[in-house]
Amino acid sequence: MTEPTTVRRVPGMFRPLRVLDAYCCIGGAAHGYRRLGWHVTGVDIQAQPDYCGDVFHQGDAVEFIRAHGHEFDFIHTSPPCQGEGAPTKGTNARRNAAIGRTYPRLITPTRAALEATGRPYVIENVAGSEVRKDLRLCGEMFGLAVLMHRYFELGGWTAPQPIHPAHRGRVRGWRHGEYHEGPYVAAYGKGGGKATTEEIRAAKGIDWSTDHLRLREALPPAYTEWIGRAYLTACTPALGVAA
């Protein structure tokens, strides 16, 4: 029987999938892929001493994808979302312009670099961003104490949208001068009932960092574990192997 030409992309048969985790932060995404036994290499413009992947490179993510993306089996990217959300484009646009505050817009160059590699990829970002909304994941899908809706553009593969369960209540904290209790913590900002470091760690399932800012930015590992399994399912029919 002839060996499939794409067998190298199937983990567990001969070696783990090699994943590039671009804009990796502390590795919330990396940890989800590593739960599947995949080998994850992170790249970030800033030093990330808490990064939990297998290998870390400090540098420009787009340049790294262009130079090395073809060396990996799968690429995950989480470009900075500060310039992508609705508040930056709407509510805060005038204030930011007045004080000269700008944010990088990296989704378009990231997508171009990814497409040039020919590798399957994911681009993750927030609701107001320019990513194609192929998937939406929410913490309630995984029984987490944080909602954190995130959207995922899938390149070179597809997956069905999972059912989005009804939320069980409100996000705990102050809203318009009124305090609300709820089953979810606000894993963003500080004050006003926002989540503490320990609350974010527990809510997201991240136990290797105590950096409040980076904890707020990190994806819950459950999201990327789900994405990894969905990718295996998408590959299985074409390869004729069990995931």
Side-chain angles (χ1 to χ4, degrees), residues 3-25 27-43 51-55 61-62 64-65 68-79 107 110-126 129 131-144 148-164 204-206 218-243:
E3 184 180 56
T5 57
T6 51
V7 72
R8 64 183 183 80
R9 295 189 182 183
V10 181
M13 294 184 68
F14 298 102
R15 62 164 178 77
L17 240 70
R18 294 175 300 194
V19 180
L20 176 59
D21 176 20
Y23 311 98
C24 64
C25 191
H31 193 64
Y33 294 122
R34 293 187 78 229
R35 287 178 179 174
L36 301 173
W38 298 2
H39 184 281
V40 186
T41 297
V43 59
Y51 184 63
C52 70
D54 297 286
V55 180
V62 172
F64 194 91
I65 293 169
H68 301 287
H70 64 282
E71 300 169 7
F72 295 86
D73 303 306
F74 186 87
I75 306 175
H76 176 100
T77 65
S78 293
I107 291 175
T110 297
R111 181 187 294 115
L114 290 167
E115 290 177 345
T117 69
R119 295 295 189 247
Y121 67 80
V122 171
I123 309 176
E124 173 267 326
N125 223 272
V126 295
S129 72
V131 298
R132 191 174 61 244
K133 310 303 190 291
D134 296 326
L135 290 175
R136 180 176 73 158
L137 298 183
C138 164
E140 181 60 29
M141 295 175 177
F142 309 101
L144 303 180
M148 197 173 180
H149 293 103
R150 288 294 182 271
Y151 292 81
F152 300 83
E153 177 176 325
L154 310 182
W157 65 290
T158 61
Q161 170 64 44
I163 295 173
H164 187 172
K204 290 189 175 184
I206 295 176
L219 273 180
Y223 288 25
T224 47
E225 182 179 5
W226 187 94
I227 286 173
R229 293 188 186 281
Y231 175 66
L232 293 181
T233 299
C235 290
T236 298
L239 296 174
V241 299

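For this chain, numbers begin at 1 and follow the sequence in order. Here the structure is a predicted model, which is why all the values come from computation and not from measurement.
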Distance-minimising heavy-atom pair for Trp157 and Val122 | CZ2-CG2, 3.8 Å
Student check: side-chain heavy atoms of Pro220 and Phe142 closer than 4.5 Å | no
With side chains defined as the heavy atoms from C-beta onward, is the minimum distance between Thr41 and Arg18 less than 4.5 Å?
-> no
Donor-acceptor under 3.5 Å (Arg119 side chain, Phe72 main chain) | yes
Tyr223 vs Phe152 aromatic rings, parallel, tilted or perpendicular, using cut-offs 30° and 60°?
-> perpendicular
Compare every heavy atom of Cys52 with every heavy atom of Ala30, then report the nearest pair and how far apart it is.
-> CB-SG, 4.4 Å
Would you call the rings of Trp38 and Tyr33 parallel, tilted or perpendicular, where under 30° means parallel and over 60° means perpendicular?
-> parallel
Name of the residue among Leu137, Leu135, Val126, Val131 meeting side chain to side chain contact (heavy atoms under 4.5 Å, CB included) with Arg150 | Val126
Rounded to the nearest 0.5 angstrom, the CD1-CG distance for Ile75 and Asp21 is 11.0 Å
Close side-chain approach of His76 to Leu219, heavy-atom, < 4.5 Å | yes
Please name the pair of heavy atoms, one in Ile206 and one in Gly28, separated by the smallest distance, quoted to 0.1 Å.
-> CD1-CA, 4.5 Å
Which residues share a side chain to side chain donor-acceptor pair (under 3.5 Å) with His31, sequence neighbours left out | none
Should Ile65 and Leu114 count as side-chain neighbours, where that means a heavy-atom distance under 4.5 Å?
-> yes
Main-chain N/O of Thr158 paired to Asp134 side chain as donor or acceptor, under 3.5 Å = no
Nearest heavy-atom pair of Arg132 and Leu154: which atoms, and what distance?
-> NH2-O, 2.7 Å
Answer whether the closest heavy-atom distance between the side chains of Pro120 and Tyr231 falls below 4.5 Å.
-> yes
Intermediate values then yes/no, side-chain contact (heavy atoms from CB on, under 4.5 Å), Val62 and Tyr23 | CA-CA 9 Å; Val62 172; Tyr23 311 98; 3.2 Å; yes
